[in-house]
Amino acid sequence: MKKLILSAFVALVGLAQADAQSLYKTVYEKANAQVNSAQTSAEQLEISRFEVTVLNYIQAQVTKRGLKKDGYFYDSQAVNLKSFVDDFLYYVSKARKISDAKRKEVIACYREASLKNPLFNDLDKERTYCFVNDTRTFTPFSLDTDWEKAYEQATAKIGTIIK
């Protein structure tokens, strides 16, 4: 359903001749505004920092590798990143009410989806796993993630964990 809504929205954006990467920019600007707001909670600040870091990473890798990517690529990555993180937080909260074991299953499901779906196959694991290796983070995910594929994988599996 979300894929259908995303496709329809992207088509409408294209028809309206909006700037390329408009959804990417929107996600980035919202996360950046949260990072720079004094009213942002510590949890939301950390989540927004992660989103900004990921979007900056994607842009830097495309530039560094000299890749040609269109607006749909950026928009899809940004929207799926946002959906991935939002769903993750929702299901962790829901699982916490069931048991600590379920919460850990949800975290493992999303973490695995991030790790198993690299976008650039970046060999610099120290950098790409900086959030994965941080045991205090709310977002234990790799920067080098194809967020569209990771979201699909997590969405397909979460129904077996949380019913």
Could you go through Thr145 and Leu119, starting from their C-alpha distance and side-chain angles, then the distance that decides it, and tell me whether this counts as side chain to side chain contact (heavy atoms under 4.5 Å, CB included)? CA-CA 5 Å; Thr145 298; Leu119 184 59; 5.9 Å; no
Do [X] and [Y] have side chains that get closer than 4.5 Å, going by heavy atoms?
X: Ile47; Y: Thr139; answer: yes
X: Phe50; Y: Glu46; answer: no
X: Phe73; Y: Ile58; answer: yes
X: Ser83; Y: Asp86; answer: no
X: Gln59; Y: Leu55; answer: no
X: Pro140; Y: Ile107; answer: yes

Heavy-atom neighbours of Lys30 NZ exceed 12 at 6.0 Å: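 No, because the 6.0 Å sphere around NZ of Lys30 holds 12 heavy atoms or fewer from other groups.
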Is Leu67 atom CG crowded by more than 12 heavy atoms from other residues, nucleotides or ligands, each under 6.0 Å away?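 More than 12 heavy atoms, drawn from other residues, nucleotides or ligands, come within 6.0 Å of this atom.
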Would you say [X]'s side chain and [Y]'s backbone share a donor-acceptor pair under 3.5 angstrom?
X: Asp75; Y: Leu23; answer: yes
X: Ser48; Y: Leu45; answer: no
X: Asn80; Y: Ser76; answer: yes
X: Gln77; Y: Trp147; answer: yes
X: Ser37; Y: Gln39; answer: yes

Could you report the tightest heavy-atom contact between [X] and [Y], atom names first, then the distance?
X: Arg111; Y: Phe141; answer: N-CE2, 3.8 Å
X: Lys102; Y: Ile161; answer: NZ-O, 3.0 Å
X: Arg103; Y: Val92; answer: CG-CG1, 4.0 Å
X: Tyr110; Y: Ala154; answer: CE2-CB, 3.5 Å
X: Ile158; Y: Thr155; answer: CG2-O, 3.5 Å
X: Val132; Y: Ser142; answer: CG2-N, 3.4 Å

Tyr57: partners by side-chain contact (heavy atoms from CB on, under 4.5 Å), with sequence neighbours left out: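 Tyr57 satisfies side-chain contact (heavy atoms from CB on, under 4.5 Å) with Gln61, Phe120, Asp122, Arg127, Thr128, Leu143, Asp144 once adjacent residues are dropped.
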Which pairs pass salt bridge (charged side-chain N to carboxylate O under 4.0 Å, His left out) with one or both residues in residues 47-68, sequence neighbours excluded?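 Non-adjacent pairs meeting salt bridge (charged side-chain N to carboxylate O under 4.0 Å, His left out): Glu51-Lys82.
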Could you verify whether a donor N or O on one side chain and an acceptor N or O on the other, from [X] and [Y], lie under 3.5 Å apart?
X: Asp87; Y: Tyr151; value: yes
X: Thr40; Y: Gln44; value: no
X: Asn117; Y: Glu152; value: no

Run the side chain to side chain contact (heavy atoms under 4.5 Å, CB included) test on Asp124 and Glu126 for me, step by step, so that the C-alpha distance in whole Å, both residues' side-chain angles and the decisive distance to 0.1 Å come before the verdict. CA-CA 6 Å; Asp124 185 356; Glu126 185 176 340; 3.8 Å; yes
To the nearest 0.5 Å, tell me how far Asp146 CG sits from Gln153 CD.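 Those atoms lie 11.0 Å apart.
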Could you see if Leu115 belongs to whatever hydrophobic cluster contains Phe131? Use Ile, Leu, Val, Met, Phe, Trp, Tyr and a side-chain cutoff under 4.5 Å.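 Each belongs to a different hydrophobic cluster.
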With a 4.5 Å cut-off on side-chain heavy-atom distances among I, L, V, M, F, W and Y, is there a chain of contacts connecting Val54 to Tyr129?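 Val54 and Tyr129: separate clusters.
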